[in-house]
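Only one structure is covered here, and it is reproduced in the block below.
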2 protein chains.
Amino acid sequence: MIDIIIVGAGAAGMTAALYALRSGKSVLLLEQETIGGQVAISPRVENFPSLKQIKGSEFANNLFEQITALGAELELEKVIEIKKDGEIFTVVTDYNTHQAKAVIIAAGVKHKHLGLPKETDFVGHGVSYCAVCDGAFFKGKEVALVGDANSALQYSLLLSNYCPKVHMFTLFDKFFGDESLVKALKSKENIIVYPDTQIVGLIGENELEGITYKNKNGEICEHRTEALFIAIGQLPDNKSFVNLVDLDKEGYIIAGEDCATKTQGLYVAGDCRTKKIRQLTTASSDGAIAGLAACAYITNLGIQK
Amino acid sequence: MIDIIIVGAGAAGMTAALYALRSGKSVLLLEQETIGGQVAISPRVENFPSLKQIKGSEFANNLFEQITALGAELELEKVIEIKKDGEIFTVVTDYNTHQAKAVIIAAGVKHKHLGLPKETDFVGHGVSYCAVCDGAFFKGKEVALVGDANSALQYSLLLSNYCPKVHMFTLFDKFFGDESLVKALKSKENIIVYPDTQIVGLIGENELEGITYKNKNGEICEHRTEALFIAIGQLPDNKSFVNLVDLDKEGYIIAGEDCATKTQGLYVAGDCRTKKIRQLTTASSDGAIAGLAACAYITNLGIQK
């Protein structure tokens, strides 16, 4: 039997593997899409300590090589269900059934997309879903942003610190975030809000050059910009695990800093956990904590030989 | 006035600086000893995601270059006191007085040393204070360990997974850790305990080759080993901050995952915070969280122009 199954081979899952493997445990990672998760599609990472600048795909590849050198196994399978019978976890995927002594869920989240043509092509070429990650690349430039809840408000405030103007497009004529953030935003003269608007198109060949939006009179307008930050929400996908974990109202798995779920031996790491800050650094930290916790759990279980 | 003063330029402090600077804030780091903190003296780091193998000093230098390129300022000063008057923090050092809108304490901890001749020289050459960090370098080899509380118990169990024998030296004939750990340790046939012993010397030229210890009859014995893990405790040094933060009974600054202390605008990041796992990954995560929290605090404060 495998010691630890890790659901998701993003930064959190692979860091959990790194710690578990270095602690002498066997590890199987199950990934349904891309190795590396979100960071793999990020063209430029500059906010990870000691790595001045790295492509997200390179970060992911390095980490993957790091864990395969230690003996990590990977299967490209989608997890359908996790069951616990006695002290044994059974993980059912679309192709297989695996057993393990401990399981770490590191399934990540997805950023909601506007669903516009070329949106995906422009990621890293003007379109970003994370101002904390990518905002600094547009220091000194005017930027655009779409969204009306807390992330959008926070991103606007952040960008307004170093961008001369932040053009903020909202679907309605109000915000849906914390009052303190709305108040802070209103005090910022360089945040220009475009209420009752809907972004309908992206302009540009290889790099974003502008957007088109529909105003409240139904007219189509053009706005030139090199950067569009899309902050319209994130989608965790943890429904398959609800028999063993609790979800908050947004669908994140409820767990504290110790990454422990309500089921003994089952841990959660990274963006799919309830937390405030979702960054590469915080995902890696969760991975280390969950990896070590799973190892300690197995040791104390006394079932490993 | 500076936006954010960071006390300590280790991994946590420098990552906090990285996030704050990228958010457009000005940052002053105050460091009393070594840039990089604990990692700077670690000869080999292999458990940080995407960095297969790096010298600790190189990690520290990279991170330092990363933040100085963004405009971080550093002063080699020891912080004596932090005061808050209204919304302004005043940080008094042995040489100077600085003011800031927010402060992050990232003062780290020190591992207790045995105080033996050559102990410091052997760090990275057989002597280690962290089995989680360095244990994997001795896979398949017999190792020695000194200590009798939770860290020592956890390290022994960890090492016993991949070392044929773990020779554990304890000052008394009992352990001072959790019962479950003691029980798990007793079930491990490859952990050999040497009770009532005191390590009195380290053998070797450039690499550790063995130790000498005094047994309970006062006889000096020699034990050959390539590795000695010293797990006799850690020393946080947060007394200078007690006017603004609460300490737990071991001296760590009480704060949760959000890194917020009881004083608004004052955050704590890294090993000096109350937490279970103290690793480079968890320090970096704290840095990101505290850095962003300090930025958000300043923005909501509305005092920056």
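As the structure is a computational prediction, the values presented were derived from the model and not from experiment. Residue numbers start from 1 in every chain, and the chains themselves are labelled A, B, ... in the order their sequence lines are given, proteins ahead of strands.
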Select one option (side chain, backbone, both, neither) describing which atoms of [X] are under 4.5 Å from chain B's heavy atoms.
| X | value |
| --- | --- |
| L63(A) | both |
| K52(A) | both |
| C259(A) | neither |
| K139(A) | side chain |
| D178(A) | neither |

- Item | E257(B): which of K275(A), R273(A), K276(A) passes salt bridge (Lys or Arg N to Asp or Glu O under 4.0 Å) |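 Going through K275(A), R273(A), K276(A) one by one, the salt bridge (Lys or Arg N to Asp or Glu O under 4.0 Å) with E257(B) is satisfied by R273(A) alone.
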Could you give the distance from [atom1] ([X]) to [atom2] ([Y]), rounded to the nearest 0.5 Å?
| X | Y | atom1 | atom2 | answer |
| --- | --- | --- | --- | --- |
| C295(A) | L157(B) | SG | CG | 11.5 Å |
| Q279(B) | L292(A) | CD | CG | 6.0 Å |
| K188(A) | T299(B) | NZ | OG1 | 5.5 Å |
| L70(A) | E46(B) | CG | CD | 8.0 Å |

- Counting only N and O atoms by type, is there a donor-acceptor contact under 3.5 Å from the side chain of N161(B) to the main-chain atoms of G24(A)?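 No, N161(B) side chain to G24(A) backbone: no donor-acceptor pair under 3.5 Å.
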- Return yes if some donor-acceptor pair links the side-chain N/O of Q66(A) with the main-chain N/O of F48(B) below 3.5 Å, else return no.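 Here the side-chain-to-backbone pair exists.
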- Does any heavy atom of chain A fall under 4.5 Å from the side chain of C133(B), the backbone, both, or neither of them?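 It is the backbone, since no side chain atom gets that close.
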- Which portion of K183(B) sits near chain A, non-hydrogen atoms under 4.5 angstrom: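 Neither part.
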- Query: When S50(A) is tested against each of L51(B), N61(B), L280(B) for side-chain contact (heavy atoms from CB on, under 4.5 Å), which residue passes?
  - Reply: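 Looking at L51(B), N61(B), L280(B), the match for S50(A) under the side-chain contact (heavy atoms from CB on, under 4.5 Å) is L51(B).
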- Message: If you count heavy atoms of other groups shown closer than 6.0 angstrom to CD of E189(B), is the number above 12?
- Response: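 No, not enclosed.
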- Does NZ or CZ of R22(B) come closer than 6.0 Å to the centre of the six-membered ring of Y162(A), within 45° of the ring's axis?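 No.
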- Task: Can you check whether anything in residues 7-19 of chain B gets within less than 4.5 Å of chain A, heavy-atom wise, and list it by number?
- Result: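 The stretch touches chain A at T15(B), L18(B), Y19(B).
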- Task: Look at A136(B), A60(B), S285(B) and state which one has the largest set of heavy-atom pairs under 4.5 Å with chain A.
- Result: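 Top count of heavy-atom pairs under 4.5 Å with chain A: S285(B).
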